[in-house]
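Here is the structure we will look at.
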Amino acid sequence: MSMPKYAFFEGKIVPIDQAKVSVMNHALNYGTAAFGGVRAYWNDDEKQLFVFRPLDHFNRLKNSAKLLMIDLPYSAEQLRDILCELLRTEDFKENVYIRPLVYKSLNGIGVKLHEVPGDFTLWAFPFGNYITADNTNLKVGFSSWKRVSDNIIPARGKISGSYINSALIKTEAELNGFDEALVLNDDGHVSEASAANFFIMRHGKAITPPLNADILEGITRSTIITLLSEVMGIEVVERDIDRTEVYTADEAFLCGTGVQVAAITSVDHRAIGTGKMGPVVAKLRDTFFDMVKGKLPQYRHWLHAVYADEPVRA
Ligand code: PMP
């Protein structure tokens, strides 16, 4: 990972080595933080850096903050503007990954959420693929861990402490020789992967677990639903998926800010479809990567141009 030079920390942009919290920090001790993951894509033809759906990401972060009783003194628009200022300070002219974080900033003990102040920080760095395996050919297995459920740690928030669940899932998968894992929820239905949402293709329809299946409300997921239906004319159904339905799917894929769109070609050692990336996922990946770089005029409203500092409209 290449290191950022700056961070937004305690209300201003500072050199990264000044953005530090104490060992007494509440979030460090108890996981009482929530984060985001946002991407910005460099378009070399236009010499422009496009942040993908920043307001949607910051609104979700504000909702996660609400779950943790952290009062964020910034609107989503202000957070986007802070982000653009940081990206310009870094002078990035390549694809980057952005990490906003809200965290309990108290130095002291006491496991509770109320009466504990919070703060916001943000940093970004150049980044390629999150999954280092071939993103057109992922081998996936079902996890022995279950996905955190809403009444344990709210799954729809990107809450730092709950990523112990993701880390257990990811590590088990990799140590068992898989690239990623799929996770069942408490009801025994498929929820998602360790840090990505999940779709299958079956009988010509795209199927993805619903928002109440203990999934993170993925921004890429909602983007993909739009692209599948509007660009590719494929019906998308949001409903519970059984484990063995996945084995018999024609195609399967993961999506998220980190993984972008990645084809799954086997699950629990069973080939998905032909065992090679299928036509829907292949076309979807092309569409997605064109879209994030601003090449699909009808979706430029999802992009925010860093060096023009205004939403990009066709
Ligand atoms: N699920 C989990 C658990 C995640 O961490 C992520 C990555 N943020 C996703 C799904 C995908 O969400 P998004 O498309 O908003 O990045």
Side-chain angles (χ1 to χ4, degrees), residues 31 33-41 51-65 67 76 79-80 83 95-102 122 124 127 129-131 135 138 140 143 145-150 152-173 180-186 189-199 206 208-228 236 238 241 252-262 264 284-285 288-289 291-292 299 302-303:
F35 63 98
V38 188
R39 276 191 191 256
Y41 291 87
V51 186
F52 185 59
R53 300 186 74 166
L55 293 182
D56 296 303
H57 278 282
F58 286 125
N59 279 320
R60 185 176 67 193
L61 187 75
K62 284 177 73 72
N63 281 335
S64 295
L67 295 172
L79 292 169
R80 178 202 58 204
L83 167 61
N95 297 343
V96 297
Y97 184 86
I98 298 143
R99 170 50 50 83
L101 180 78
V102 289
L122 175 71
F127 194 51
N129 285 335
Y130 172 73
I131 297 183
N135 280 234
L138 295 184
V140 164
S143 182
W145 298 97
K146 281 188 184 173
R147 168 84 176 145
V148 282
S149 74
D150 197 48
I152 295 178
I153 301 178
R156 67 175 38 76
K158 261 181 93 69
I159 294 175
S160 297
S162 76
Y163 276 76
I164 292 295
N165 181 240
S166 296
L168 289 166
I169 293 160
K170 180 74 173 178
T171 287
E172 180 192 54
E180 245 303 326
L182 292 173
V183 198
L184 302 177
N185 59 24
D186 246 357
H189 293 116
V190 183
S191 60
E192 51 174 52
S194 70
N197 292 116
F198 175 67
F199 284 73
T208 191
L211 291 181
N212 59 353
D214 292 325
I215 66 169
L216 182 79
E217 298 182 351
I219 288 155
T220 318
R221 174 186 178 277
S222 90
T223 304
I224 293 300
I225 290 174
T226 303
L227 296 181
L228 281 169
V236 183
E238 295 179 60
I241 298 176
F253 64 93
L254 300 178
C255 71
T257 302
V259 306
Q260 304 173 106
V261 181
I264 295 173
L284 185 64
R285 277 171 55 88
F288 179 83
F289 288 115
M291 183 271 300
V292 291
Y299 299 116
W302 278 336
L303 312 179

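Whatever order the structure lists them in is the order used to number ligands and atoms, beginning at 1. As the structure is a prediction and not an experimental result, all values here were calculated from the model.
No donor-acceptor pair under 3.5 Å is formed between the side chain of D150 and the backbone N or O of D214. Formation of a donor-acceptor pair under 3.5 Å by the R156 side chain with backbone atoms of L211 is found in this model.
How far CZ of R53 is from CG of N59: 11.0 Å, rounded to the nearest 0.5 Å. Rounding to the nearest 0.5 Å places CD1 of I264 at 11.0 Å from CG of N135. The line from CZ of F198 to CD1 of I241 is 5.5 Å long, rounded to the nearest 0.5 Å.
The shortest N/O to N/O separation between G37 and ligand 1 does not fall below 3.5 Å. Among the atoms of T220, some N or O lies under 3.5 angstrom from an N or O of ligand 1. In terms of N/O distances under 3.5 Å, ligand 1 is approached by E192.
Interface atoms of ligand 1 facing L216, defined by a heavy-atom separation under 4.0 Å, are 1 (N), 2 (C), 4 (C), 6 (C), 8 (N), 9 (C), 10 (C), 12 (O). Within ligand 1, the atoms closer than 4.0 Å to a non-hydrogen atom of A196 are 1 (N), 2 (C), 9 (C), 10 (C), numbered from 1 in the order shown. Within ligand 1, counting atoms from 1 as listed, the ones closer than 4.0 Å to a heavy atom of T257 are 13 (P), 14 (O), 16 (O). Under a 4.0 Å criterion applied to the non-hydrogen atoms of K158, ligand 1 contributes the atoms 4 (C), 5 (O), 6 (C), 7 (C), 8 (N). In summary, the atoms of ligand 1 found under 4.0 Å from a heavy atom of R60, numbered by their order in the structure, are 12 (O), 13 (P), 15 (O).
Counting only N and O atoms by type, the side chains of Q260 and T220 include no donor and acceptor under 3.5 Å apart.
If you check which protein heavy atom lies closest to atom 5 (O) of ligand 1, you get Y163 OH, 2.5 Å.
For atom 9 (C) of ligand 1, the nearest non-hydrogen atom from the set S222, G218, A195 belongs to A195.
Looking at M291 and W302, their side chains come closer than 4.5 Å, going by heavy atoms from C-beta outward.
For the pair G258 and ligand 1, no heavy-atom separation below 4.0 Å is found. Ligand 1 lies less than 4.0 angstrom from a heavy atom belonging to S194.
Counting heavy atoms under 4.0 Å from ligand 1, residue A193 does not touch it at all.
Between F253 and F199, the two ring planes are parallel [angle under 30°; tilted spans 30° to 60°].
For the pair R60 and E217, the salt-bridge criterion is not met [side-chain N within less than 4.0 Å of a carboxylate O].
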